[in-house]
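One structure is given below, represented as structure tokens, and several questions about it will come after.
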Number of protein chains: 2
Amino acid sequence: MDLDPEMFDPVCPSGALPFQIGDKWTAMVVLCLEHGPRRFTELRVPLRAVTPKVLTSTLRAMERDGLVVRTAYPAHPPHVEYALTGLGRSLLTLIAAVRAWSGAHLPELLAARQAHDEAAMPLPAVAAAQPATRVSGSGPTGRGR
Amino acid sequence: MDLDPEMFDPVCPSGALPFQIGDKWTAMVVLCLEHGPRRFTELRVPLRAVTPKVLTSTLRAMERDGLVVRTAYPAHPPHVEYALTGLGRSLLTLIAAVRAWSGAHLPELLAARQAHDEAAMPLPAVAAAQPATRVSGSGPTGRGR
DNA sequence: CGGTATCCATCCTGATACTG
DNA sequence: CAGTATCAGGATGGATACCG
């Protein structure tokens with residue numbers, strides 16, 4: 001009917017963000033830089049001690065996409081600061097929208113997930129206690145990161 | 001200064017969406033179902049022939065999270081329809097916000113990326129033609145899905 | 001039609017250790 | 001301090017083939 005085979009841009013599926021922004025750390029880095037520049041080690045604190053390798057690759061990709069600027073002050077010990085660009089700052093409102101959705105709907109999603117999991121895998125003790133109770137559950141559902 | 005070590009919820013980093021929603025296909029499935037229920041095979045068309053295995057696991061996870069409902073009509077040949085729930089529909093406005101950001105800023109992001117890549121890796125012919133031109137570029141930048 | 005079953009290629013992330 | 005180098009593990013996405 002109205003499902004167009006070319007409905008989605010192959011470069012940017014669903015008109016969504018280039019995937020980098022949807023990765024594990026980018027949004028968090030943007031939030032960490034919201035109130036001003038931060039240093040490499042400062043960023044690692046709220047990011048639950050993400051390893052330097054991962055933080056480096058995240059920051060490099062963000063720099064490449066014009067979301068942050070890296071400033072190195074020639075000194076010993078080294079001093080490097082990361083700051084949001086205007087483009088990076090523009091993500092703040094979008095991230096706020098995501099957080100608003102989570103605040104409003106995440107509990108419902110989590111409840112649905114829990115109900116689904118419990119229906120598919122009833123407590124063994126209870127299931128065993130009710131001999132003829134039909135289960136009708138579907139197979140293993142597991143997924144979920 | 002104000003970077004709180006517990007700034008981010010470990011269950012839902014950055015207050016962002018549970019990761020499933022950020023996966024490769026979920027947002028697209030939501031958009032495909034915007035105007036009414038669709039059948040399994042119908043969904044594969046705009047999704048660029050995603051393999052049945054991947055579409056199945058995406059839909060199962062969405063069902064688990066209460067984003068879609070699956071309805072099977074007992075008939076031959078089989079007839080199964082997927083429809084958005086209220087929760088799934090609530091994602092439409094969020095996805096619209098994402099698309100709006102892309103429309104407004106993606107060109108800028110892509111331009112920054114291209115400029116960065118060209119600066120790091122100038123055309124060999126041009127570079128070779130200018131003997132003493134300093135390059136100063138940083139190392140290999142590659143990433144980018 | 002609407003899936004499953006296998007196998008496979010990455011990709012991403014992380015732990016650990018070392019350096020200018 | 002701000003990274004880089006190496007190695008390893010797991011999850012994701014996909015190709016291909018088969019089934020009720």
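Values in this document were obtained by computation on a predicted structure and should not be read as measured data. Chain letters run A, B, ... following the sequence lines, proteins first and then strands; every chain starts at 1.
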For this session: Remember a base hit wins even if backbone is also touched, and classify B:Arg44 as base, sugar-phosphate or nothing at under 4.0 Å, heavy atoms.
Result: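 Since no nucleic acid heavy atom lies under 4.0 Å of B:Arg44, the category is nothing.
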For this session: Please check the phosphate of C:dC1 (OP1 and OP2 only) for any side-chain N or O of B:Thr41 closer than 4.0 Å.
Result: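 No, no such contact exists.
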Exercise. Any side-chain heavy atom of B:Leu92 within less than 4.5 Å of one from B:Arg89?
Worked result: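 Yes. Closest side-chain heavy atoms under 4.5 Å.
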For this session: Ignoring backbone atoms, establish whether A:Arg38 has a side-chain N or O less than 4.0 Å from OP1 or OP2 of D:dC1.
Result: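 No, no such contact exists.
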Exercise. Between A:Tyr73 and A:His79, how do the two ring planes meet: parallel, tilted or perpendicular, split at 30° and 60°?
Worked result: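 Rings of A:Tyr73 and A:His79: perpendicular, as their planes differ by over 60°.
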Exercise. To the nearest angstrom, how far is A:Glu81 atom CD from D:dC1 atom C1'?
Worked result: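 Taking CD of A:Glu81 and C1' of D:dC1, I get 13 Å after rounding.
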For this session: Please tell me which of the listed nucleotides, D:dA17, D:dC1, D:dG3, lies nearest to the side chain of B:Pro52?
Result: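 Minimum distance to the B:Pro52 side chain belongs to D:dA17.
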For this session: Mind calculating the distance between CG (A:Leu55) and P (D:dA2) to the nearest angstrom?
Result: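 Going from CG in A:Leu55 over to P in D:dA2 covers 10 Å.
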Exercise. Quick one: is D:dG3 close enough that its OP1 or OP2 comes under 4.0 Å of any side-chain N or O from A:Tyr82?
Worked result: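 Checking D:dG3 against A:Tyr82, a side-chain N or O does come within under 4.0 Å of OP1 or OP2.
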For this session: For A:Asp23 and C:dC12, give me the distance from atom CG to atom C1', rounded to whole Å.
Result: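 Roughly 9 Å, once rounded to whole Å.
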Exercise. Quick one: is D:dG3 close enough that its OP1 or OP2 comes under 4.0 Å of any side-chain N or O from A:Arg60?
Worked result: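 For D:dG3, OP1 or OP2 has a side-chain N or O of A:Arg60 closer than 4.0 Å.
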Problem set entry | Candidate list B:Asp65, B:Thr58, B:Val68, test side-chain contact (heavy atoms from CB on, under 4.5 Å), partner B:Thr26, passing option |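 Option passing the side-chain contact (heavy atoms from CB on, under 4.5 Å) with B:Thr26: B:Thr58.
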Exercise. Separation of A:Met28 atom CE from C:dC12 atom C1', in whole Å?
Worked result: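 It is 14 Å, rounded to the nearest whole Å.
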For this session: Taking A:Arg113 for its side chain and B:Arg64 for its backbone only, find out whether a donor-acceptor pair lies under 3.5 Å.
Result: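 Checked: no pair found.
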Problem set entry | Any donor-acceptor N/O pair under 3.5 Å between C:dT13 base and A:Lys53 side chain |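 Check passes, donor-acceptor contact within cut-off.
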For this session: For B:His76, report the nucleic acid contact type (base, sugar-phosphate, nothing); a contact means any heavy atom under 4.0 Å.
Result: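 Nothing: the residue B:His76, judged by heavy atoms under 4.0 Å, touches no strand.
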Problem set entry | Under 4.0 angstrom between A:Arg39 side-chain N/O and D:dA2 OP1 or OP2 |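 Yes, because at least one side-chain N or O of A:Arg39 sits under 4.0 Å from OP1 or OP2 of D:dA2.
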Problem set entry | d(OH, B:Tyr73; P, D:dG20) in whole Å |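 Going from B:Tyr73 (OH) to D:dG20 (P), I get 25 Å.
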Exercise. In terms of side-chain heavy atoms of B:Pro78, which of D:dT4, D:dA2, C:dC1 is nearest?
Worked result: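 Nearest nucleotide to the side chain: C:dC1.
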Exercise. Atom CD of A:Glu42 and atom C1' of D:dC1: how far apart are they, to the nearest Å?
Worked result: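 In whole Å, D:dC1 C1' lies 12 Å from A:Glu42 CD.
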Exercise. Pick the nucleotide of DNA chain D nearest each of B:Val50 and A:Leu59; which residue has the one closer to the 5' end?
Worked result: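 Nearest-nucleotide comparison on DNA chain D picks A:Leu59.
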Exercise. For the side chain of B:Trp101 and the backbone of A:Thr93, is there at least one donor-acceptor N/O pair under 3.5 Å apart?
Worked result: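 Not confirmed, B:Trp101 side chain does not pair with A:Thr93 backbone.
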Exercise. Can you check the B:Lys24 NZ to D:dG13 C1' distance for me, whole Å?
Worked result: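 Nearest whole value for this atom pair: 6 Å.
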For this session: Measure from the side chain of A:Arg70, starting at C-beta and using heavy atoms only, and say which of D:dA2, D:dG13, C:dG14 lies closest.
Result: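 It is D:dA2.
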